[in-house]
Structure formats: structure tokens, C-alpha cells
**Student:** 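One structure coming up, written as C-alpha cells, with questions to follow.
Heavy atoms only: backbone and side chains are in, while hydrogens, waters and symmetry mates are out. Residue numbers run from 1 in the order of the sequence given.
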Amino acid sequence: MFDHIGGLNTLFNALIVEAKMVVPMSRDASEVASLIQDHKVNVLPTSPTFLNLMLIEDAPNCYNLSSLRFITYGTEPMPESL
């Protein structure tokens, strides 16, 4: 999302390289996973907390997330367990 500097950085980078951006209507983990699957998203800018939510909702087993090549994160430390 574009509610902080990381979101703006992602937006500007996508515009510069003319990449397709898929913006979810909500921050629901299942919706995001569905968009990744349907649009074959390659890069997911996110946070460790959101990745944990995706795991809680079992998104990796319910959706095909194999198109993801990079998961970028910031704003909080990544726990080793994740």
C-alpha cells in the first residue's frame, strides 16, 4: 500500500521499470494470496506480521504462490522461525 515511504518506494520503482502492479482492495491474507495466484505476481513487498497471517490462513497450501520470486520486507525484524 502507499500509506508509508516503503509503499511509495515500491510504486516509484514499478513505474520506472514499467512493471505491472496488483493492488489489493483489502489487506486480507487470502485475498492477497488469490491475487498472487491469479496475476502470477513475482514480488511481494510485505512485513513479517503479514507473512505470519498468510501462514495462519494456510495460504501457501490453498493458493499457488509459485510465481513469487522475491519477498521484500521492512518496518520490523524478521523472526528466524518465519
**Student:** With sequence neighbours excluded, what pairs up with Asp58 under the side-chain hydrogen bond (donor to acceptor under 3.5 Å, both in side chains) test?
**Tutor:** Asn61
**Student:** Which heavy atom of Thr46 sits nearest to which heavy atom of Ile71, and what is that distance?
**Tutor:** CG2-CG2, 3.6 Å
**Student:** Do Pro48 and Tyr73 come close enough that some side-chain heavy atom pair is under 4.5 Å?
**Tutor:** yes
**Student:** List the residues meeting side-chain hydrogen bond (donor to acceptor under 3.5 Å, both in side chains) with Ser67, not counting sequence neighbours, and say none if there are none.
**Tutor:** none
**Student:** How long is the straight-line distance from CZ of Phe70 back to CG of Leu44, given to the nearest 0.5 Å?
**Tutor:** 12.5 Å
**Student:** Say you draw a straight line from NZ of Lys40 to CZ of Arg69; how long is it, rounded to the nearest 0.5 Å?
**Tutor:** 11.0 Å
**Student:** Which residues satisfy the side-chain contact (heavy atoms from CB on, under 4.5 Å) test with Ala59, sequence neighbours excluded?
**Tutor:** Ala33, Met54, Tyr63
**Student:** Quick one: do Val43 and Val41 end up in the same hydrophobic cluster if we chain Ile, Leu, Val, Met, Phe, Trp and Tyr together by side-chain heavy atoms under 4.5 Å apart?
**Tutor:** no
**Student:** Apply side-chain hydrogen bond (donor to acceptor under 3.5 Å, both in side chains) to Ser66 and list each qualifying residue two or more places apart in sequence or on a separate chain.
**Tutor:** Asn64
**Student:** Would you check if the side chain of Glu31 reaches a backbone N or O of Pro24 as a donor-acceptor pair within less than 3.5 Å?
**Tutor:** no
**Student:** Identify, with sequence neighbours excluded, every residue that meets side-chain hydrogen bond (donor to acceptor under 3.5 Å, both in side chains) alongside Ser30.
**Tutor:** Glu57
**Student:** Is there a side-chain contact (heavy atoms from CB on, under 4.5 Å) between Val32 and Ile36 once you walk through the steps?
**Tutor:** CA-CA 6 Å; Val32 172; Ile36 292 168; 4.0 Å; yes
**Student:** Looking at CE of Met25 and CG of Leu35, how far apart are the two atoms once the value is rounded to the nearest 0.5 Å?
**Tutor:** 10.5 Å
